[in-house]
Each structure stands twice: as structure tokens, then as C-alpha cells.
Amino acid sequence: MSKFLIAVVATCTLVGCSMIQKMTPSYQHAQERTQVLEQLQLTTMRFADEYRTRVVEGVNRFQQGTITPEQRLLAQNWKVLQAQSIYIDADGPNPALNTLDIVVLATLSRMVIDDAWTQYGDRIQFLQKTHHDLERRAWELAKPVLSDTQAAQLRDIIARWREENPTIRSVGAIHFTDFAKSIGEPGPGEASRVGSIFSIVNLNPFAELDPAVQEITQTRQLAERAIFYFQRMPDIVSMQAEQVVYSMAVQPETKNALASFQRVSLVGSAADTLATDLPSILDKEREALLRQLSQEITSQSATIGELSGNLRSTLEAGTSTADALNTMLQSLNKLTGQFISSAPAPKTPAPPSGPPFDIRNYTEALRAATGTAQQLNALSQQLNTAMPVVRSATQGLIDNLVRQVMLILAVLILGTFGAALAYRAIVLRMQSKIA
């Protein structure tokens, strides 16, 4: 019985101690601070989702107006970097330090957009406005954590770091503790000074809790942060996959392959167009060829007709000349017959001579020449009819034929006239010898 009473008294004592501890101001302050930090953690996570959504929307609008693979890759890199950084900053174990990292990310990102992206003109205005608004929202988020003095100190640290590193573009991996140390902050005793912004860095939000409660709270928050990050990992993986595609598009090998495919596509398109337009092209070319041939034949027909007419006139003139020469020789024969004495000449042995001169032979030759001229006239008419087909091949032949015919006629006419004169001269000489 005594043991039971001892156990009851011990239990009551422990319960009373626990109740007394919970009633102390320090324990209540620790609970209130824990609740505030947990609420800040949830608010930070919600802001991370808003930040990622608005940045992705702004970058997507910028990508819609890009004209080169390099610009699309630049925008995609910025999108992935911002999404990863905001989730990493919001998922840390210290909600207060997470808030500082988000403020640093939003402020430096806005500076990079203002410094390096203004070259893209109107296409960057929406994204630039988005980053300005997100920076303002981040500073509002930090108001429960930072006093006015601490906020001014943080702005001064960010401005000094940017002045020393004006060319850095990838600011997503930069956290408050890292870049503060890079510029010589905090100074001696600054981290432990009350009211300093660096006093937040070493702050343990669960230091005043019972160790068992502290472990349970940390384990619960770790699970919440892990679930938070894994739920958003598919979006990040999707953006990274798109980033890989854009990275491949700017490689020289990929550009050469795409250029080759484009050339093949152009060849195929040209072949298809040629196959479609080939009948009409052939029809047009055939019509143009026939039209050109017709014009050429028409222009040459007048020349060939004129040449044929001149040839016909020449042959007719040759015939008329032969007839006139024949008539002249007949008249000359009659005239010379009147001067020959009718008295019989003394019979003397005549010297042997060849066959007597007969003008009919030359007349027959002229008639044959006239027939030849008529045949040439008929041939010229046939050539005039068939000339549209053989104009180029017969042009020189007709010219040579005309020259030869003219030469033959001239030789015949001159030969006949010379023979007649020679005959009359011989007859006169013989008569003078007889007399």
C-alpha cells in the first residue's frame, strides 16, 4: 500500500511539474514563437508557389516573341534557375533565414533583369514588371522578421554586393549568408549584437522547447518540407527536360543537321512544285516555240518570195535576151547576104574545112537555156512553198544557184554573140579573097 501511495505521489509531482513548466512565461513565449515561425514557413511556401508561377508566365511570354534558339535557351535557363532557387530557399530548416534568402533572390533577380535584359525592348517589359512586383512582395513577406533597421541593413548589403559583382547573372544559388561573407560581413561582434540582422542567422527557432517536443517538431517540419519539394519536382523536371531540348538546338551539330533537313525539305518541295507545274510549263514553252517559229518563218517568207521573184525576172530577162539575139543574128544574116555577089566564082579547090557554121545550133542552145530557166523558175516556186521548213538550209544554195545560172547565161550570150561576129568576119574575109 505504501508503494502505491509513493507511485501516486510521484506521478502527481511529475504532472504538476509539467503543468507548472507550461505555465511559465518562457515556455509560453517559446510556443508563441514556434507558432509564428511555423506560420511564416507556410507563408513562405505559398509565396514560393506564387513566385514560380509568375516568373514562368513572364518567361513564357518572352519566349513567344523570341526568334533565335539562343534567346529561347536563355529564357529557359532563367526559368529553371528561378524555380529551383525559390523552392530551395523556401524549404530550408530556418523560416526566418528562408525569408532572408527569398528577399535576396527577388532583389538580385530584379537587378539582373534591369541590367542585362533591357536590350530586348518591349518583349521584356512584362517580365521586368513581374520581377519588380515580386521584389516588393518579398520585402512585405519579411516584415514580421525584420525591423526597419534590419531591413535597411539588408538593402545596404545587397547594394554593396551588386556593386562589387555587376556582371554576375546566375543569382539563384546565392544565399544571404554566402554573399554577406563575400563582402566582409558580419564584422566583429556583429552576429551576437542584439538587433543585428546577422543575429537571425544563428537563431534556433526550437531552442526553448522541450528536447522531446523539439525533436518531434523538427521531424514533422522535415516531413512537411520534403513533401512540399517532392510535390513540385515534376514541374521542375519538365522545365529541365525542355531546357535540354533548347540546349541541343544551339549546338553546331544540331544546327547543321537541321540545315540539312531544311535543304532536303526544300528540294522535296521544289520537286513537288515542278511535278505540279511541269505540264503547264511545257505547254507555255511549246506555244512560245511555235510562236517564235511562226514569226521567223513569216519574216523570212517575204525575203524568200522577193528572191524568188527576182530569180524569175532574171530568167525571163535571159530568155528575152536570147530571143532578141536570135532575131538580131537572123537580120544580120539577111543583111550580109545582100552584099554577096551573085556571079559564080571561079572554081578553085576549096581548102578542107570542118562542118559549116550553123546558127541553129546556138539557137537550140539558147532554147535549152530557156528551158533550163523555166525549170529553175518552177523549182524556185517549189522552194518558195517548201521554204518555211528548209529556209536556213537552202538560203545559201539558192544564192549559189542564181549566181551559177547568171554565169551560164552570160557565157552563152557572150559566146553566141562572139561566134556570130567571128562567123561574119570569116565570111567577109573569104569573099574579099574571092573577089
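Side chains included, hydrogens not; waters and symmetry mates left out as well; all remaining heavy atoms used. Note that the numbering runs from 1 along the sequence shown for the chain.
Rounding to the nearest 0.5 Å places CZ of R54 at 12.5 Å from CD1 of I86. A distance of 10.5 Å separates CG in L97 from CD1 in I102, rounded to the nearest 0.5 Å. Atom CZ of R136 and atom CG of L141 lie 12.0 Å apart (nearest 0.5 Å). If you take CG on N98 and CG on L40, they are separated by 8.0 Å, rounding to the nearest 0.5 Å. Here L154 contributes atom CG and T149 contributes atom OG1; the two are 12.5 Å apart, rounded to the nearest 0.5 Å.
Between E50 and R46 there is no salt bridge, since no side-chain N of the basic residue sits under 4.0 Å from a carboxylate O of the acidic one. Taking the charged nitrogens against the carboxylate oxygens, E164 and R160 have no contact shorter than 4.0 Å, which rules out a salt bridge. Look at R169 and D115 and you find no salt bridge, because none of the NZ, NE, NH1 or NH2 atoms lies under 4.0 Å from a carboxylate O.
A 4.5 Å side-chain heavy-atom check between R123 and Q71 finds at least one atom pair inside the cut-off. No side-chain heavy atom of E57 sits under 4.5 Å from any side-chain heavy atom of N60. No side-chain heavy atom of F126 sits less than 4.5 Å from a side-chain heavy atom of F62. Between V104 and W161, every side-chain heavy-atom pair lies at or beyond the 4.5 Å cut-off. At a threshold of 4.5 Å between non-hydrogen side-chain atoms, the residues R162 and V112 count as touching. Within the 4.5 Å cutoff, side-chain heavy atoms of L100 are placed close to those of L146. Residues T44 and P95 are not in side-chain contact: their nearest non-hydrogen atoms beyond the backbone lie 4.5 Å or more apart. Using a 4.5 Å cut-off on side-chain heavy atoms (C-beta onward), W117 and Q128 make no contact.
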For residues 233-243, run the donor-acceptor check on the side chains, cut-off 3.5 Å, and write out each pair with its distance to 0.1 Å, sequence neighbours left out.
from, atom 1, to, atom 2, distance (Å)
E242, OE2, Y246, OH, 2.9
Q243, NE2, N77, OD1, 2.4

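The closest donor-acceptor contact from the side chain of D156 to the backbone of A152 lies at 3.5 Å or more, if one exists at all. Side-chain atoms of Q41 come within 3.5 Å of backbone atoms of A90 as a donor-acceptor pair (strictly under, hydrogens ignored).
Taking S109 as the reference, Y51, W78, Q82, L105, H131, V171 meet the side-chain contact (heavy atoms from CB on, under 4.5 Å) condition, with sequence neighbours excluded. A search for salt bridge (Lys or Arg N to Asp or Glu O under 4.0 Å) contacts involving D49 returns R232, not counting sequence neighbours. E70 pairs by the side-chain contact (heavy atoms from CB on, under 4.5 Å) definition with T68, V250, K255, not counting sequence neighbours.
Screening residues 78-91 for salt bridge (charged side-chain N to carboxylate O under 4.0 Å, His left out), with sequence neighbours left out, gives no hits. For residues 92-111, the pairs satisfying salt bridge (charged side-chain N to carboxylate O under 4.0 Å, His left out) are R110-D114, R110-E135, with sequence neighbours left out.
Open room surrounds CD on Q292; 12 or fewer heavy atoms of other groups in view lie less than 6.0 Å from it. Atom CG of N256 is surrounded by more than 12 heavy atoms from other residues, nucleotides or ligands within 6.0 Å.
Shortest non-hydrogen contact noted between L81 and S85 is O-OG, 2.7 Å. Heavy atoms only, all atoms of each residue included: E140 and P144 are closest at O-CD, 4.0 Å. Between V103 and A138, the closest heavy-atom pair is CG2-O, 3.5 Å.
The side-chain tip of R155 points at the ring of W139 from less than 6.0 angstrom away and within 45° of straight on.
No hydrogens or angles considered: a donor-acceptor pair under 3.5 Å links the side chains of Q125 and D122.
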